[in-house]
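What follows is one structure encoded as C-alpha cells, with my remarks underneath.
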Amino acid sequence: MNRSATMASLRAITWLLTAAVIVTPLAAMVALGLSGNHWDVLASPEIASATINSLVTSSVSAVAAVAIGTYLAVVLDHTNLMGRSALRLFALSPMFIPPFVGAISWLGVFGPNSGINKIWRGFFDAPLWNLYGADGVIFLLIVHSYPITYLIIGAALRRIPSDLEQAARISGAHPLQVLKDITLPLLRPAIIAAFSLTFVSNLADFGIPAIVGLPERYYTLSTLIYRFIQSGTVDQPLQVVSAIGTLLLMVAVVAAILDAQVRKGHTELDSTAALRAQMSLGGARLPLSAATWFSGLAVTVLPIVALGTQSLSPAPGVHLTWENVSLNNYVQALGMNTTQIGLRNSLTLATAAAIICAVLGLTIGLLTTRTRARSNPYLNAMAMLPQAIPGTVIAVGWLIIAPALGLFNTPWLILLAYVMAFLALVVQSVSAPLRGIPRALEDAARISGAGELRALLDISWRLGFPAAITGGAMVFLTAVRELTISALLRSPGSQTLGVAIFDLQQSGNYNASSALSVLVTIVGIFGIALLGHTLAGSNKNRG
C-alpha cells in the first residue's frame, strides 16, 4: 500500500510540476487576451500590417524551405550526386548557427557597406542587394529553416519501401516518373509536417526580423510585441500582446492538429532491408552537382567569412588588410560589463535549465513509457506541447504571471520559460531508449521484492540516465544561444549573451557584435560536434 502511495505521489508531483510550467502561463495569457476592451487596438493599421508581414514572410519562407529540403533529400539520399556525404554537412551548417547570428553574418555579405555591394556600386552606382527589408527577412528565414525540412523529409524518404520504386523501374518507368508518381506522393505527409513546423517557427521568429527588418521599419508580430513591451507605445500593453500571443497560439494549435490529422490518415508502409538503388542523374549529374555544391558552399562559407572579416576589421566599412587586422573588437566585446553579465547569466540559466529539464524529462519519460496509466498519453502530450508553441507566446505567458510569482524583473523568470520551452528535448531523447528496455528486467526486480518505484529507479532510471544527460546537453546548447525569450523577458541585470549581441548590433557597434557572434558560433559548433561524437560513441557501445 505504501509503495503504491509513493508511486501515486510521484505521478501527482510530476503532473503538477509539468502543468505549472506549461499550462499556467498559457492559460493566463489566453484569459488576459480574451478579456478587456483592447480590440480596437488590435484592429489598428499597425497591427494589421505586422500580421500581413508575418503571414507573408512565414508562408513564403516555409514553401521555399520545404522545396529546398525536398530537393536536398532526393539528391543527397536518393541519387548519385557527387560528394553527397560532404555536401550534407555543408547543407546542414545553418543549424549550428543561431538565426540572429546568421542575420548578422549575412549583413557582412549583403549589408549596405559590405565589400560585395561596394564593388558592385563602383560599377553600377547601386548595391547588388541590400539585405535590409522584407526580402532579406524571407531569405534568412529560408536559410535557417530548410535544414529542418531536409531532416524531416529525408527521414521519411528512407522509410519508403524500395520495392515499390524497383517494381516501377522494372516495369519500364523513367527515374523521374518514379520520383513523380511514387516517391513524392509517399512523401506528402512529411512535406506537410515540415511545412507546418516551419511556418509556425518562422511566424514567431524574432532575431531575423529584428536585425534585418527593424532598420527598414518592417515589423512582424514578434518584433511588434517586443516594441510594445519595451517601449509601452500602447495602452494596456500586456493585454494587447496577450491577444496577439493568443492568436499565434491558435495558429500553432491549428497547425499541430492539421499535422496530426495528416499523419492519422496516412498509412505507414513497412520498409524492407533491400538496398535502395540510387537514381542515376545521367547527363545532369555534373551540372546538378556543381550547382548544389556552389549553393552549399555559399550558404556556409560566405557568411562565416564575412562575420570573421567584420570581427577583425578596425571599424565598420573599413576594408580589411593584413596591416589593419586587429583583435580589439574581441577585447572590447569581452571586456564590456554587459557582455560579462550576459555570459554569466546565460551559463547559469542554461545550466540550471539543463539540469531541471533532464530530471523532469526523465521522470516524465519513465512514467509514460514504463508504467501503465490512462493519463500517460496526456502527460506526454502536455510535455511535448511547447514544441509547437512559438517562443514569443511562451515569453508573453510568463511575463503575465511574473508579478503574481514575485519573479518580475528577475532572471529566474527566464529560467522557467527555458524549462517550458526545452523540456520536450529531454522527453524526446529518453522516450525511445526507455521503450527499448526489456520489461523482463523490471519484472525480475519486482519478483525479487522491489516495489514498482524501486524497480523503475534501479533499472529504467539508470539505463535512461545517459539519454537524459544527452537531452540536457541539447537543452544547454540551445538555451545558451537563445534570443527570443530572453529579449522579451529581459530586465536590468538579467540580460543574456544573445541579448548582449543583439543590443550591440542595434546600437551600431557591428564589429563588437560580430566578434561575440564568432565566439558563439565556434562554441555552438564545438558543442554540437562533441555531442554528436558522444552519441556516436554510446551507440557503438550499445551495438
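Quick note: residue numbers are just sequence positions, from 1.
Here the shortest heavy-atom pairing between Pro386 and Met382 reads CD-O, 3.5 Å. The shortest non-hydrogen separation linking Val430 to Gly361 is CG2-O, 3.8 Å. Taking each heavy atom of Pro98 and His144 in turn, the nearest pair found is O-CE1, 4.0 Å. Scanning all heavy atoms of the two residues, the minimum distance from Gly464 to Leu362 falls at O-CD1, 3.9 Å. Heavy-atom minimum distance, Ser429 versus Gly471: OG-CA, 3.5 Å. Looking at every heavy atom in both residues, Thr18 comes nearest to Thr14 through OG1-O, 2.7 Å.
Interatomic distance, Thr392 OG1 to Ile244 CD1, rounded to the nearest 0.5 Å: 10.0 Å. From Thr410, atom OG1 reaches atom CZ of Phe408 across 9.5 Å, with rounding to the nearest 0.5 Å. Atom-to-atom distance recorded for Thr496:OG1 and Ile485:CD1 is 10.5 Å, nearest 0.5 angstrom. With rounding to the nearest 0.5 angstrom, the CD1 atom of Ile208 is 4.5 Å from the CG atom of Leu141. Between the OG atom of Ser61 and the CD1 atom of Ile68 there is a distance of 10.5 Å, given to the nearest 0.5 Å. Between atom CD1 of residue Ile47 and atom CG of residue Leu221 there is a gap of 8.0 Å, rounded to the nearest 0.5 Å.
Between the side chain of Asn53 and the backbone N or O of Ser49 there is at least one donor-acceptor pair closer than 3.5 Å. Judged by distance alone, the side chain of Thr521 and the main-chain N or O of Ile97 form no donor-acceptor pair under 3.5 Å. With hydrogens and angles disregarded, no donor-acceptor distance shorter than 3.5 Å links the side chain of Gln387 to the backbone of Ile389. For Ser59 (side chain) and Val56 (main-chain N/O), a donor-acceptor pair under 3.5 Å exists by modelled atom type. Between the side chain of Asn511 and the main chain of Leu312, no donor-acceptor pair closer than 3.5 Å is present. Using modelled atom types, one side-chain atom of Arg121 and one backbone atom of Pro112 make a donor-acceptor pair closer than 3.5 Å. Gln495 contributes a side-chain N or O that, together with a main-chain N or O of Gly493, makes up a donor-acceptor pair within less than 3.5 Å. Remark: side-chain polar atoms of Ser514 are paired, donor with acceptor, to backbone N or O of Tyr510 under 3.5 angstrom.
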Could you please spell out the steps behind the side-chain hydrogen bond (donor to acceptor under 3.5 Å, both in side chains) verdict for Tyr418 and Thr478?
CA-CA 9 Å; Tyr418 281 176; Thr478 305; over 6 Å; no
Criterion side chain to side chain contact (heavy atoms under 4.5 Å, CB included) on Thr223 and Thr220, from CA distance to verdict
CA-CA 5 Å; Thr223 53; Thr220 62; 3.3 Å; yes
Dump the intermediate steps for side-chain hydrogen bond (donor to acceptor under 3.5 Å, both in side chains) on Ser491 and Ser494, then the final yes or no.
CA-CA 5 Å; Ser491 60; Ser494 67; 2.4 Å; yes
Quick one, Met384 with Gln428, criterion side chain to side chain contact (heavy atoms under 4.5 Å, CB included). Give me CA distance, side-chain angles, the key distance, then yes/no.
CA-CA 8 Å; Met384 300 301 294; Gln428 278 185 323; 3.2 Å; yes
Verdict with supporting geometry, Leu92 and Arg88, side chain to side chain contact (heavy atoms under 4.5 Å, CB included):
CA-CA 6 Å; Leu92 291 175; Arg88 189 177 291 111; 4.3 Å; yes
Could you go through Leu131 and Leu140, starting from their C-alpha distance and side-chain angles, then the distance that decides it, and tell me whether this counts as side chain to side chain contact (heavy atoms under 4.5 Å, CB included)?
CA-CA 9 Å; Leu131 192 64; Leu140 290 172; 4.1 Å; yes
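You'll find the side chain of Leu76 reaches within 4.5 Å of the side chain of Tyr150, heavy atoms only. Counting only heavy atoms from C-beta outward, the side chains of Val518 and Tyr330 approach each other to under 4.5 Å. Looking only at side-chain heavy atoms (C-beta outward), Leu203 and Ser54 come within less than 4.5 Å of each other. Here the side chains of Phe199 and Leu55 are in contact, with some heavy-atom distance below 4.5 Å. Inter-residue side-chain proximity for Leu307 and Val101 is flagged as met; some heavy-atom pair is nearer than 4.5 Å. Annotation: side chain of Leu385 is in contact with side chain of Leu26 (closest heavy-atom distance under 4.5 Å). Contact check for Glu46 versus Phe228: side-chain heavy atoms found under the 4.5 Å cut-off. Contact annotation: the side chain of Leu399 never approaches that of Leu488 to less than 4.5 Å [non-hydrogen atoms, C-beta and beyond].
Under the rule for a side-chain contact (heavy atoms from CB on, under 4.5 Å), the partners of Leu405 that lie at least two apart in sequence or sit in another chain are Trp398, Ile401, Leu407. Every side-chain contact (heavy atoms from CB on, under 4.5 Å) that Thr368 has, sequence neighbours left out, goes to Ile364, Asn376, Leu379, Asn380.
The only option from Tyr132, Trp129, Phe110, Tyr146 that meets the ring pair (Phe, Tyr, Trp, His ring centres under 6.0 Å) definition with Phe139 turns out to be Trp129. The only member of Phe100, Tyr219, Tyr226 that meets ring pair (Phe, Tyr, Trp, His ring centres under 6.0 Å) when paired with Phe206 is Tyr226.
A donor and an acceptor atom, one from each side chain of Ser201 and Thr198, are nowhere located under 3.5 Å apart. In this model, a donor atom of one side chain and an acceptor atom of the other lie less than 3.5 Å apart for Ser326 and Asn328.
Note on residues 389-401: no pairs pass salt bridge (Lys or Arg N to Asp or Glu O under 4.0 Å), not counting sequence neighbours.
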Check residues 497-506 and write down every donor-acceptor pair under 3.5 Å in which the side-chain atom is one partner and the other belongs to a residue at least two apart or another chain.
from	atom 1	to	atom 2	distance (Å)
Asp503	OD1	Arg490	NH1	3.1
Asp503	OD1	Arg490	NH2	3.3
Asp503	OD2	Arg490	NH2	2.5
Gln505	OE1	Ser513	OG	2.7

Identify all side-chain donor-acceptor contacts of residues 332-344 below 3.5 Å with residues at least two apart in sequence or on another chain.
from	atom 1	to	atom 2	distance (Å)
Thr339	OG1	Ala333	O	2.7
Gln340	NE2	Leu334	O	3.3

Between side-chain atoms of residues 294-305 and protein atoms elsewhere (two or more places apart, or another chain), which donor-acceptor pairs fall under 3.5 Å?
from	atom 1	to	atom 2	distance (Å)
Ser295	OG	Ala291	O	2.9
Thr300	OG1	Phe90	O	3.0
Thr300	OG1	Ser93	OG	2.7
Thr300	OG1	Gly296	O	3.0

